[in-house]
Amino acid sequence: MEQGTFTDQVYQVVARIPYGRVATYGQIAFFIGAPRSARQVGNALSHTPSFLSLPCHRVVNRLGRTAPGWPEQRRLLESEGVSFRENGTVDLARSLWRPEE
């Protein structure tokens, strides 16, 4: 991972999440070398300036839950073909981003 602030590193990873895939907060934390910082990843993303045009909607929690209070997130993900389970969570088995693939 390139150098930069924690937030910059989070943004760099989020920018790489492909269309139709999701990543978890923990996965992003792991990629930037801070595996115990999933909550800080979420905090950084909650303050993302809109002019950056990052696909923050492609980030969910480890169970596949979308961000509370952001109903548009599900609509955006569904428009990209992301699968949801009956319980309302993202089907991570089908939609999780695996950069090594």
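All heavy atoms count here, side chains included; hydrogens, waters and symmetry mates do not. This structure is a prediction, so every number in the text was calculated from the model and none was measured.
Partner of His57 under the side-chain hydrogen bond (donor to acceptor under 3.5 Å, both in side chains) criterion, out of Arg74, Arg75, Glu80: Glu80 alone. Just one of Phe30, Phe31, Tyr25 meets the side-chain contact (heavy atoms from CB on, under 4.5 Å) condition when paired with Gln27; it is Phe31.
Annotation: side chain of Ile17 is in contact with side chain of Val59 (closest heavy-atom distance under 4.5 Å). Between Phe6 and Ile32 there is a side-chain heavy-atom pair separated by less than 4.5 Å. At a threshold of 4.5 Å between non-hydrogen side-chain atoms, the residues Val22 and Trp97 do not count as touching.
Taking a 6.0 Å sphere around CD of Glu100, one finds it holds more than 12 heavy atoms contributed by other residues, nucleotides or ligands. Within a 6.0 Å sphere centred on CZ of Arg98, heavy atoms belonging to other residues, nucleotides or ligands number more than 12.
Sorted by first then second residue, the salt bridge (charged side-chain N to carboxylate O under 4.0 Å, His left out) pairs that include residues 38-54, not counting sequence neighbours, number zero.
Listed for the Gln73 side chain is no donor-acceptor partner under 3.5 Å among the backbone atoms of Val60.
Residue Leu63 shares its hydrophobic cluster (ILVMFWY side chains chained together at separations under 4.5 Å) with no other residue.
The distance from the OG atom of Ser46 to the CH2 atom of Trp70 is 11.0 Å, given to the nearest 0.5 Å. The distance from the OG1 atom of Thr66 to the CZ atom of Phe84 is 6.0 Å, given to the nearest 0.5 Å. Rounding to the nearest 0.5 angstrom, the gap separating the CG atom in Leu96 from the OG1 atom in Thr24 is 6.5 Å. With rounding to the nearest 0.5 Å, the separation of CG in Leu92 from OG in Ser83 is 10.5 Å. Rounded to the nearest 0.5 angstrom, Arg58 CZ and Tyr19 OH are separated by 8.0 Å. Expressed to the nearest 0.5 Å, how far CG of Leu45 lies from CG of Leu54 amounts to 8.0 Å.
Shortest non-hydrogen contact noted between Pro55 and Ala15 is CD-CA, 4.2 Å.
Leu52 and Ile28 fall within a single hydrophobic cluster, where Ile, Leu, Val, Met, Phe, Trp and Tyr are joined by side-chain heavy atoms under 4.5 Å apart, directly or via other members. In terms of hydrophobic clustering, with Ile, Leu, Val, Met, Phe, Trp and Tyr side chains grouped at heavy-atom distances under 4.5 Å, Phe51 and Val10 are assigned to a common cluster.
In this view, Arg62 satisfies the side-chain contact (heavy atoms from CB on, under 4.5 Å) rule with no residue, not counting sequence neighbours.
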